[in-house]
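So the structure is just underneath, and the comments pick up after that.
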Amino acid sequence: MRQKAVKELTVEEQFELIKRGTVEVVPEEELKQKLAKAKKEGIPLRIKLGIDPTAPDIHLGFAVVLRKLRQFQDMGHEVVLIVGDFTAGIGDPSGRSETRPVLSAEQIRANAETFTSQFWLILDRSKTTLTFNGDWLGKMTFYDVIKETSRVTVARVLERDDFQKRLAEGRPIGLHELMYPIAQALDSVEVRADVEIGGTDQRFNIMMGRDLQEAHGQEAQVGLFMPLLPGLDGVQKMSKSLGNYIGITEPPKNMFGKAMSIPDEVMLQYFELATNLPKEEVDQIKKGLEEGTLHPMDAKKRLAYEITRLYHDEEAAKREKEEFERVFSQRELPSDIPDAVVPGSELSDGKIWAPKLLVVTGMAKSNREAKGLIEQGAVTIDGERVADPNSDIEVQTGQILKVGKLRFGRLVLGE
RNA sequence: GGGGGGAUUCCCGAGUGGCCAAAGGGAGCAGACUGUAAAUCUGUUGCGGAACGCUUCGGAGGUUCGAAUCCUCCUCCCCCCA
């Protein structure tokens with residue numbers, strides 16, 4: 001997927017590549033001008049991305065943005081990552097109907113650690129500058145802050161959707177939250193960003209960056225807005241806090257399995273945003289699905305395969321695909337079943353009360369939950385259904401305990 | 001500073017002395033159907049091995065045989081006036 005270096009691509013070619021997959025480039029003309037100037041002078045553009053280290057893992061939704069950045073790098077441009085160690089203490093109101101919880105300094109640092117180590121799975125480290133906005137925002141005096149805020153009107157800030165909504169619904173808005181867009185905009189001023197990239201929910205903040213840069217006598221940055229990848233539920237955007245995400249460092253098994261569980265409706269979006277398949281191929285899949293010549297499940301397997309391949313390798317992707325087919329299509333046992341240890345102290349005469357078995361092996365949280373599962377016919381041992389929640393059952397090492405469709409355990413009797 | 005409204009289980013939200021482990025919806029889990037998708041139908045979702053008991057309705061006290069519900073104080077939120 002290496003792109004040609006900056007000098008080899010025409011401005012038009014660069015522009016087309018950059019534009020692909022974005023929702024909007026604002027304004028397009030300015031981007032072309034910047035690209036032309038960069039090419040002419042041989043000075044790479046500075047592409048800014050701000051990250052709030054609120055959630056420690058990078059997921060496919062965020063990867064959409066990172067992958068676009070990588071594209072810039074492959075064209076020879078530079079990426080400036082700004083870890084919002086300072087702004088995390090404010091809480092970005094974007095896309096939120098509630099006030100964000102404010103993180104502790106230790107939490108922020110720990111998250112930033114994880115984040116940065118995961119960046120290099122996608123980005124080219126040699127073309128990335130990593131900064132922390134506490135380095136400059138933290139040094140501003142109250143006077144400095146007031147001076148900056150004087151450039152922005154209250155009406156302008158309250159325009160934004162998130163605030164409007166909360167006001168209408170009578171939910172709280174902290175005064176500090178109004179400051180967030182200004183803080184983010186000052187980042188753009190500080191690093192003299194040529195382009196700022198973000199999800200569509202970043203529109204307001206990025207536009208504010210343009211305003212403040214101009215106020216500081218700089219050339220305004222171009223806003224590049226990426227689509228938000230829907231989460232596993234197919235409805236809300238992928239996010240850590242909603243738990244509907246696929247992390248880019250997840251093991252192949254989870255990655256493949258989670259990808260298979262997305263609703264059909266968002267499959268194409270995933271192909272477009274989360275894989276490296278060329279446009280022509282995605283179009284072909286789309287056509288196949290529409291005409292009914294391609295089975296949705298086959299398409300989804302392909303998707304899961306591509307995603308797994310991207311963050312692991314060909315072999316892992318292949319293995320998980322076969323595994324998936326074995327377990328779910330043929331309904332055979334998975335090849336790798338974790339041990340489920342039953343302490344000897346729980347046994348009497350080699351028997352154990354059925355709900356207890358689920359609890360000691362971690363298959364259920366409580367006896368009550370376990371009883372419910374048994375009553376609903378979710379539990380089998382060696383393929384045989386455990387029907388009576390009151391029964392004591394005889395267990396042996398090596399038996400396969402299955403709870404629901406996904407939870408397997410190979411019983412191991414302890415001392 | 002003054003006046004009014006509010007906080008209920010994972011989320012939203014009903015409940016204004018016992019019939020309340022608390023309606024309804026969402027979400028989750030499970031079963032059927034399937035393509036481990038969606039949709040649909042059914043069941044289930046505080047804890048303790050039954051009876052029954054225990055813990056839970058913002059926090060702390062109190063009234064009462066009995067409190068999510070009444071009283072006092074506290075914390076937090078929203079609206080109006082200034």
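Chain identifiers are assigned alphabetically (A, B, ...) following the order of the sequence lines, protein sequences preceding nucleic acid strands; residue numbering begins at 1 within each chain.
- Using a 4.0 Å cut-off between charged side-chain N and carboxylate O, R326(A) and E323(A) make a salt bridge.
- Remark: R302(A) engages E281(A) in a salt bridge, criterion side-chain N to carboxylate O under 4.0 Å.
- Residue Q376(A) contributes atom CD, which lies 8 Å from atom P of G31(B) at whole-angstrom precision.
- Considering only side-chain atoms of K371(A), the nucleotide from G48(B), A50(B), G31(B) that sits closest is A50(B).
- Within the 4.0 angstrom heavy-atom criterion, no nucleotide atom of any strand lies near P389(A).
- Atom name P, nucleotides G59(B) and A68(B): the rounded distance is 12 Å, in whole Å.
- G58(B) and A14(B): their P atoms are spaced 14 Å apart (whole Å).
- Contact annotation: side chain of D264(A) to base of G35(B), donor-acceptor pair present below 3.5 Å.
- Going from the P atom of C70(B) to that of A51(B) covers 32 Å, rounded to whole Å.
- Residue-level contact check: K300(A) touches the bases, meaning some heavy atom is under 4.0 Å from a base atom.
- Straight-line distance from the CZ atom of R331(A) to the C1' atom of G35(B): 10 Å, rounded to whole Å.
- Between F256(A) atom CZ and A37(B) atom P the separation is 14 Å, expressed in whole Å.
- Counting non-hydrogen atoms under 4.0 angstrom, R407(A) reaches the backbone sugars and phosphates but no base.
- Rounded to whole angstrom, the span from the CG atom of L406(A) across to the P atom of G28(B) amounts to 14 Å.
- Taking atom P on both C29(B) and U8(B), the two are 25 Å apart, rounded to the nearest angstrom.
- Residue E265(A) places its side chain closer to A38(B) than to any other of A30(B), A38(B), C47(B).
- Pairing for G49(B) is absent, judged as Watson-Crick or G-U wobble with the two contacts each under 3.5 Å.
- Look at R156(A) and E159(A) and you find a salt bridge, because one of the NZ, NE, NH1 or NH2 atoms lies within 4.0 Å of a carboxylate O, short of that distance.
- Among the atoms of the strands shown, none is found under 4.0 Å from any heavy atom of D233(A).
- Pairing for U64(B) is absent, with no Watson-Crick or G-U wobble pair whose two atom distances lie under 3.5 Å.
- With both pairing distances under 3.5 Å, G24(B) is matched to C12(B) as a Watson-Crick or G-U wobble pair.
- Between W353(A) and P263(A), the residue whose closest nucleotide on RNA chain B is further toward the 5' end is P263(A).
- Rounding to whole angstrom units, NZ of residue K321(A) and P of G35(B) are separated by 16 Å.
- Residue side chain F328(A) fails the stacking definition with respect to G35(B), as its ring centre and the base's six-membered ring centre are not both under 5.5 angstrom apart and under 30 degrees in plane angle.
- G13(B) and U64(B) have their P atoms separated by 35 Å, given to the nearest Å.
- Summarising the geometry, the separation between CG on N390(A) and P on A51(B) is reported as 11 Å, rounded to the nearest angstrom.
- Atom-to-atom, CZ of R326(A) to P of G35(B) comes out at 20 Å; the value is rounded to the nearest Å.
- Residues E314(A) and R309(A) are paired through a salt bridge, judged by an N-O separation under 4.0 Å between the basic side chain and the carboxylate.
- Under 4.0 Å is where a charged nitrogen must lie from a carboxylate oxygen, and between E272(A) and K279(A) no such pair does.
- Straight-line distance between the P atoms of C77(B) and G18(B): roughly 33 Å, to the nearest whole Å.
- Looking at T128(A) and E78(A), their side chains never bring a donor and an acceptor atom within 3.5 Å of each other.
- Listed nucleotides G35(B), C47(B), A32(B) differ in distance to S366(A); the shortest reach to its side chain belongs to C47(B).
- The same atom, C1', is picked in G43(B) and in C65(B); the two are 39 Å apart, to the nearest Å.
- Between the P atoms of A27(B) and A37(B), the separation comes to 16 Å (whole Å).
- When the nearest nucleotides of RNA chain B are assigned to K356(A) and M267(A) by heavy-atom distance, the more 5′-ward of the two goes with M267(A).
- Out of A37(B), G35(B), G43(B), the shortest distance to the side chain of H295(A) is found at G35(B).
- Remark: P of G49(B) and CD1 of I393(A) are 16 Å apart, rounded to the nearest angstrom.
- Ranking G48(B), G49(B), U34(B) by closeness to the D392(A) side chain, first place goes to G49(B).
- Remark: G17(B) base-pairs with no nucleotide in the shown strands. Criterion, Watson-Crick or G-U wobble with two distances under 3.5 Å.
- F62(A) and F115(A) have tilted rings, their planes meeting at an angle from 30° to 60° on a 0 to 90° scale.
- Pair check for C41(B) finds G31(B); Watson-Crick or G-U wobble, both atom distances under 3.5 Å.
- Under the 4.0 Å criterion applied to side-chain N and carboxylate O atoms, D201(A) and K237(A) are assigned as salt-bridge partners.
- If you check every strand for non-hydrogen atoms under 4.0 Å, G377(A) touches sugar and phosphate atoms only.
- With a cut-off of 3.5 Å on both pairing distances, the Watson-Crick or G-U wobble partner of C76(B) is G6(B).
- Within the 4.0 angstrom heavy-atom criterion, base atoms lie near G257(A).
- Of the listed nucleotides (A30(B), G35(B), G48(B)), G48(B) has the atom at the smallest distance from the side chain of N367(A).
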